[in-house]
Asker: 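Below you'll find the structure I mean.
Values in this document were obtained by computation on a predicted structure and should not be read as measured data. For this chain, numbers begin at 1 and follow the sequence in order.
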Amino acid sequence: MTKRRLLTLTTLSAALLTSCGIRSTEVPTDFGPAPSRVHCSLSEPNISTQAERGLPVQVFLLCGSQLVAVDRTVRVPDGTADSARRVLVAQGLLDELEATPSATEKEAGYTTDVRGAMGVTGPRPGDPDETLRLSTPPDDLTSYALAQIVCTFSDSSAAEGDGSVILGGPTRDTPRRYECTNEVRTRPGSNEPPSTEVTDG
């Protein structure tokens, strides 16, 4: 093959590649298969169906090392007094946090660090009226679990709706007011919910 024919073929090949929009490359471009589901993304729930099963609420699960809200329901009997209602909602939220995420949620990367069968009760004598006491002392929880509970409670009717919640343990320790901040939601593993000691009055 002459040099002229070789040059002609090379030029023709380059022209064909350019005309069909293909750029020649010597670097492999295998990025693997596309993910089957967008990470931390769930389809919208049927709110009307949820409402039939109970009170629509949200709980914070872990996904991608962050806290992400997912929809749940809790059951509260009609006519329940406000003080009892707060405890029932808190217990329902706690149960949902302890439950294993659904198969769809697991596929999207959701997990929970809240473990065991924790209970929650109302205030002891001398506690502020909105106090919630856990059967496990808050100091004994992992930073992830505490963040999940604080952010879930503070964003619900179990608290006063100001982005905080008053928690105590099963003993007569002084309860503390915990806040759910942006830093806690985005980095719960390295940012524990800030808290201050509270007293009645």
Asker: Please identify each residue that fulfils salt bridge (Lys or Arg N to Asp or Glu O under 4.0 Å) with Arg86, with sequence neighbours left out.
Answerer: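 By the salt bridge (Lys or Arg N to Asp or Glu O under 4.0 Å) rule, Arg86 matches Glu160.
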Asker: Taking C-beta and beyond as the side chain, do Leu61 and Gln148 meet within less than 4.5 Å on heavy atoms?
Answerer: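 With C-beta onward as the side chain, the pair touches.
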Asker: Quick one: list whatever passes salt bridge (Lys or Arg N to Asp or Glu O under 4.0 Å) with Asp140, sequence neighbours left out.
Answerer: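 For Asp140, no residue satisfies salt bridge (Lys or Arg N to Asp or Glu O under 4.0 Å) once neighbours in sequence are set aside.
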Asker: Is the backbone N or O of Gly119 less than 3.5 Å from a side-chain atom of Ser135, with the two atoms forming a donor-acceptor pair by type?
Answerer: yes
Asker: Are Arg172 and Asp127 ion-paired here, with the side-chain N under 4.0 Å from a carboxylate O?
Answerer: no
Asker: Of all heavy-atom pairs between Pro193 and Val184, which one has the smallest distance, and what is that distance?
Answerer: CA-CG2, 3.7 Å
Asker: Quick one: do Leu93 and Val76 end up in the same hydrophobic cluster if we chain Ile, Leu, Val, Met, Phe, Trp and Tyr together by side-chain heavy atoms under 4.5 Å apart?
Answerer: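 Hydrophobic grouping puts Leu93 with Val76.
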Asker: Looking at OG of Ser157 and CG of Asp82, how far apart are the two atoms once the value is rounded to the nearest 0.5 Å?
Answerer: 9.5 Å
Asker: What is the minimum heavy-atom distance between Ile166 and Pro128, and which atoms define it?
Answerer: CD1-CB, 3.9 Å
Asker: List in chain and number order the residues that pass side chain to side chain donor-acceptor pair (under 3.5 Å) with Thr142, two or more places apart in sequence or in another chain; answer none if no residue qualifies.
Answerer: Asp113
Asker: Measure the shortest side-chain to side-chain distance between Met118 and Ile149 over non-hydrogen atoms and say whether it is less than 4.5 angstrom.
Answerer: yes
Asker: If you compare all heavy atoms of Leu146 against all heavy atoms of Pro138, which two are closest, and at what distance to 0.1 Å?
Answerer: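 Heavy atoms only, the tightest pair is CD1-CB, 4.1 Å.
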Asker: Do Val198 and Glu130 come within less than 4.5 Å of each other through their side chains, counting heavy atoms only?
Answerer: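 No; the side chains remain at least 4.5 Å from each other.
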Asker: Tell me, do Leu132 and Val87 make a side-chain contact under 4.5 Å, heavy atoms counted?
Answerer: yes
Asker: Take Lys106 and Thr100, measure what side-chain contact (heavy atoms from CB on, under 4.5 Å) needs, and give me the verdict at the end.
Answerer: CA-CA 9 Å; Lys106 283 183 177 179; Thr100 302; 3.3 Å; yes
Asker: Where do Ser154 and Cys180 come nearest, in terms of heavy atoms and distance?
Answerer: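 Heavy atoms only, the tightest pair is OG-CB, 3.5 Å.
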Asker: Considering all heavy atoms of both residues, which atom of Pro170 and which atom of Thr136 are nearest to each other, and what is their separation?
Answerer: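 Residues Pro170 and Thr136, closest heavy atoms: CD-C, 4.2 Å.
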Asker: Would you call Val59 and Val70 a side-chain contact if the rule is heavy atoms closer than 4.5 Å?
Answerer: yes
Asker: Quick one: side-chain hydrogen bond (donor to acceptor under 3.5 Å, both in side chains) pairs with a partner in residues 185-196, sequence neighbours left out?
Answerer: Arg176-Ser195, Asn182-Arg185
Asker: Let me check something: do Leu141 and Leu97 share a hydrophobic cluster, defined by ILVMFWY side-chain heavy atoms less than 4.5 Å apart, either directly or through other members?
Answerer: yes
Asker: Which pair of heavy atoms, one from Pro188 and one from Ser65, lies closest together, and at what distance?
Answerer: CD-O, 3.3 Å
Asker: Is the closest side-chain heavy-atom distance between Pro101 and Thr112 below 4.5 Å?
Answerer: yes
Asker: Sequence neighbours excluded, which residues qualify as side chain to side chain donor-acceptor pair (under 3.5 Å) partners of Asp139?
Answerer: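 Applying side chain to side chain donor-acceptor pair (under 3.5 Å) to Asp139 gives none.
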Asker: Same cluster or not: Val120 versus Leu55, using hydrophobic residues (I, L, V, M, F, W, Y) connected whenever any side-chain heavy atoms lie under 4.5 Å apart?
Answerer: yes
Asker: Quick check against the 3.5 Å criterion: does Ser156 have a side-chain atom that pairs as donor or acceptor with the backbone of Phe153?
Answerer: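 Checked: pair present.
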Asker: Would you check if the side chain of Tyr110 reaches a backbone N or O of Cys40 as a donor-acceptor pair within less than 3.5 Å?
Answerer: yes
Asker: Does the side chain of Pro194 reach to within under 4.5 Å of the side chain of Thr181, using non-hydrogen atoms?
Answerer: yes
Asker: Does one side chain, of Thr121 or Arg133, offer a donor that lies under 3.5 Å from an acceptor on the other?
Answerer: no
Asker: Pairs in or reaching into residues 89-98: which pass side-chain hydrogen bond (donor to acceptor under 3.5 Å, both in side chains), with residues at least two apart or in two chains?
Answerer: Arg72-Glu96, Gln91-Asp95
Asker: Give me the one residue out of Val165, Asp162, Val150 that meets side chain to side chain contact (heavy atoms under 4.5 Å, CB included) with Arg177.
Answerer: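 The option that passes is Asp162.
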Asker: How about Leu67 and Leu62: do any of their side-chain heavy atoms sit closer than 4.5 Å?
Answerer: yes
Asker: Is it possible for you to say whether Leu88 and Val74 belong to one hydrophobic cluster, with membership spreading through side-chain heavy-atom contacts below 4.5 Å?
Answerer: yes
